[in-house]
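Counting starts at 1 for both ligands and their atoms, following the listed order. We count residues from 1, following the sequence as given.
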Amino acid sequence: MNLLIMGLPGAGKGTQAAKIVEEFGLIHISTGDMFREAIANETEMGKLAKSYMDQGNLVPDEVTNGIVKDRLAKLDVREKGFLLDGFPRTIEQAEALDQILTSLELSLDGVVAIEVNPDSLLERLSGRIIHKETGATYHKVFNPPVDYKEEDYYQREDDKPEAVKRRLEVNIAQSAPILEYYRMAGLVHEINGNQEIAQVSEDIKKVLTNLK
Ligand code: AP5
Ligand code: MG
């Protein structure tokens, strides 16, 4: 099964992606995670990506499309299927993805679109904490870790209010045309993301079990 998971910043893409890949054995490909890894490794690509991400802007398409293409070309993707998280984010990226998939003889089976009220997102992002060792995402209030120790967790650079504001602007502007693109192809499954994490997971699982 080859899937996309879409939604505004803080909609719960990463949270739900972790559960989906565990349940369905897919390869999780998050462009945001790949950029953060490159930043941590201080690569040239990481330095470039950081200059855009810290401001809440999109990394240029030529860089982003390139890393997605390289990752999708790997054998594990063909064997297990993929869940793309955070890509595509522009119509140009959606068109590039079509070309990449065609060239690799892969196809898309569905798009999980998490719909949320944008007013709730600042609170979700400002309370997000990430476990240093495992990279697992939690929330101080909505999904607190058992045995919370502040020193074991970090917050994302781009979860500061100014960057969040810009991320929301950029993503709200881009999200409608992209969803329409996939709706025309009959691939979109809308999920109500304004519910508790466990309920959102249930709803996604129902949709995907029928897709299999
Ligand atoms: P990326 O890392 O993809 O960030 P994003 O799209 O802004 O989304 P987030 O990861 O912030 O949110 P999420 O939906 O995964 O939510 P999460 O599950 O963590 O991209 C970062 C940057 O990289 C971009 O700004 C851009 O610069 C660059 N980039 C990435 N892809 C790119 C591309 N294709 N093109 C160009 N540039 C690109 O949940 C958030 C919080 O809410 C957590 O604390 C969680 O516990 C909590 N939560 C989750 N679900 C619920 C719920 N149902 N109820 C209550 N709380 C919840
Ligand atoms: Mg994420």
Side-chain angles (χ1 to χ4, degrees), residues 4-21 28-39 45-46 48-69 71 83-97 100 112-131 135-145 148 153-160 162-175 178 191-204:
L4 308 183
I5 188 161
M6 292 181 51
L8 294 175
K13 300 181 295 295
T15 300
Q16 297 301 332
K19 295 174 195 287
I20 297 169
V21 299
H28 181 200
I29 304 176
S30 156
T31 40
D33 287 351
M34 288 196 282
F35 288 136
R36 280 183 288 276
E37 196 183 321
I39 291 171
M45 196 263 278
L48 179 86
K50 186 171 166 45
S51 66
Y52 292 91
M53 286 171 77
D54 283 355
Q55 310 292 317
N57 288 317
L58 295 180
V59 178
D61 282 354
E62 54 273 22
V63 179
T64 312
N65 295 345
I67 62 166
V68 171
K69 185 173 184 183
R71 185 64 189 89
L83 175 65
L84 256 177
D85 160 359
F87 184 93
R89 259 180 230 245
T90 62
I91 287 291
E92 291 75 21
Q93 290 183 4
E95 288 166 355
L97 178 62
I100 294 168
V112 174
I114 307 182
E115 303 287 345
V116 277
N117 178 352
D119 295 341
S120 63
L121 299 177
L122 185 59
E123 197 183 3
R124 285 198 192 178
L125 294 171
S126 58
R128 171 164 55 192
I129 43 174
I130 300 165
H131 189 241
T137 296
Y138 297 89
H139 191 281
K140 284 183 183 167
V141 178
F142 303 134
N143 186 20
Y148 175 62
Y153 293 80
Y154 70 93
Q155 292 195 271
R156 261 168 56 174
E157 255 332 288
D158 62 346
D159 279 346
K160 297 191 174 131
E162 271 315 297
V164 166
K165 199 165 150 260
R166 177 71 188 142
R167 280 159 66 202
L168 288 173
E169 275 168 16
V170 168
N171 284 277
I172 287 171
Q174 301 281 352
S175 70
I178 292 237
I191 301 289
N192 175 8
N194 303 303
Q195 315 176 83
E196 284 191 6
I197 293 174
Q199 187 57 53
V200 178
S201 304
E202 274 290 302
D203 290 359
I204 293 176

Mind checking whether Gly7 has a heavy atom under 4.0 Å from ligand 1? no
Judging by distance only, is a nitrogen or oxygen of Ile129 under 3.5 angstrom from one on ligand 1? no
When you measure from the heavy atoms of Gln16 to every atom of ligand 1, does any distance fall below 4.0 Å? no
To which protein heavy atom is atom 44 (O) of ligand 1 closest, and what is the distance rounded to 0.1 Å? Tyr138 O, 2.8 Å
Shortest reach to atom 25 (O) of ligand 1 by a heavy atom, considering only Arg167, Gln195, Glu123: Arg167
Examine Asn143 against ligand 1 and note whether any of their N/O atoms are separated by less than 3.5 Å. no
Check Ile29, Val112, Leu97, Ile178 against Leu4 for a side chain to side chain contact (heavy atoms under 4.5 Å, CB included) and give me the one that passes. Leu97
Starting from atom 12 (O) of ligand 1, locate the nearest protein heavy atom and write down its residue, its atom name and how far away it is, to 0.1 Å. Gly10 N, 2.9 Å
Atoms in ligand 1 with a heavy atom of Gly14 nearer than 4.0 Å: 13 (P), 15 (O), 18 (O)
Taking all non-hydrogen atoms of both residues into account, name the closest pair between Gly32 and Met53 and its distance. O-CE, 4.2 Å
Starting from atom 37 (N) of ligand 1, which protein heavy atom do you reach first, and at what distance in Å? Val59 N, 3.1 Å
Can you tell which part of Asp158 has a heavy atom less than 4.0 Å from ligand 1: side chain, backbone, both or neither? side chain
Ranked by distance from atom 31 (N) of ligand 1, the top protein heavy atom is Thr31 OG1, 2.7 Å
Taking all atoms of both residues into account, what is the closest heavy-atom pair of Gln93 and Arg89, and its distance? OE1-N, 2.8 Å
Considering the heavy atoms of Arg36, write down every atom of ligand 1 situated less than 4.0 Å from one of them. 2 (O), 21 (C)
Do you know which of Asp159, Thr137, Thr15 makes side-chain hydrogen bond (donor to acceptor under 3.5 Å, both in side chains) with Arg128? Asp159
Arg124 side chain vs Ala11 backbone, donor-acceptor pair below 3.5 Å: yes
To atom 1 (P) of ligand 1, the nearest of Lys13, Met53, Arg89, Gln155 on a heavy-atom basis is Arg89
A quick test of your reading: do over 12 heavy atoms of other residues, nucleotides or ligands sit less than 6.0 Å from CD of Gln199? yes
In terms of atom number and element, which parts of ligand 1 are under 4.0 angstrom from non-hydrogen atoms of Leu8? 14 (O)
Please state whether Val170 comes within less than 4.0 angstrom of ligand 1, counting heavy atoms only. no
Atom 41 (C) of ligand 1: the protein heavy-atom neighbour that sits closest, reported with distance to 0.1 Å: Arg124 O, 3.6 Å
Does ligand 1 have any atom that is closer than 4.0 Å to a heavy atom of Gly127? no
Just jot down the ligand 1 atoms closer than 4.0 angstrom to any heavy atom of Asn57, in number order. 26 (C), 27 (O)
Distance under 4.0 Å to a non-hydrogen atom of Thr15: what atoms of ligand 1 satisfy this? 17 (P), 18 (O), 39 (O), 45 (C), 49 (C)
For ligand 1, is there an atom lying under 4.0 Å from some heavy atom of Arg156? yes
Closest approach of Phe35 and Val63, non-hydrogen atoms and distance? CE2-CG1, 4.2 Å
Do NZ/NE/NH1/NH2 and the carboxylate oxygens of Asp54 and Arg166 come within less than 4.0 Å? no
Ignoring hydrogens and angles, tell me if any N or O in the side chain of Gln155 forms a donor-acceptor pair with the backbone of Ser126 under 3.5 Å. yes
I need the contact type for Thr137 against ligand 1. Using non-hydrogen atoms and a strict under-4.0 Å cut-off, is it side chain, backbone, both or neither? side chain
For ligand 1, the portion of Phe35 having any non-hydrogen atom under 4.0 Å away: side chain
Taking the minimum heavy-atom distance to atom 47 (C) of ligand 1, which of Glu196, His139, Lys50, Glu157 ranks first? His139
Under a 3.5 Å distance rule, please check whether Gln174 uses its side chain to pair with a backbone N or O of Ile91 as donor and acceptor. no
At a 4.0 Å threshold, what atoms of ligand 1 neighbour a non-hydrogen atom of Thr64? 33 (C), 34 (N), 35 (N), 36 (C)
Counting heavy atoms under 4.0 Å, the part of Leu125 that contacts ligand 1 is side chain
Can you classify the ring geometry of Tyr153 versus Tyr148 as parallel (below 30°), tilted (30 to 60°) or perpendicular (above 60°)? tilted
Which ligand 1 atoms are under 4.0 Å away from a heavy-atom of Phe142? 55 (C), 56 (N)
For Glu123, does its backbone N or O pair with a side-chain atom of His139 as donor and acceptor, under 3.5 Å? yes
Flag if over 12 foreign heavy atoms under 6.0 Å of CD, Gln195: yes
Of all the non-hydrogen atoms in the protein, which one sits nearest to atom 35 (N) of ligand 1, and at what distance? Gln93 NE2, 2.8 Å
Within the 4.0 Å heavy-atom shell around Gly86, which atoms of ligand 1 are there? 31 (N), 32 (C), 33 (C), 34 (N)
Donor-acceptor pair, Lys13 side chain versus Gly7 backbone, under 3.5 Å? yes
Look only at the side chain of Arg167 and the backbone of Asp158, and say whether a donor-acceptor pair between them is shorter than 3.5 Å. yes
Checking a contact table here: which protein heavy atom is nearest atom 19 (O) of ligand 1, and how many Å away? Arg128 NH1, 2.6 Å
Is the backbone N or O of Ile191 less than 3.5 Å from a side-chain atom of Asp203, with the two atoms forming a donor-acceptor pair by type? no
Could you tell me which non-hydrogen atom of Gln16 sits nearest to which non-hydrogen atom of Ser201, and how far apart they are? OE1-OG, 2.7 Å
the protein heavy atom lying closest to atom 16 (O) of ligand 1 turns out to be Gly12 N, 3.3 Å
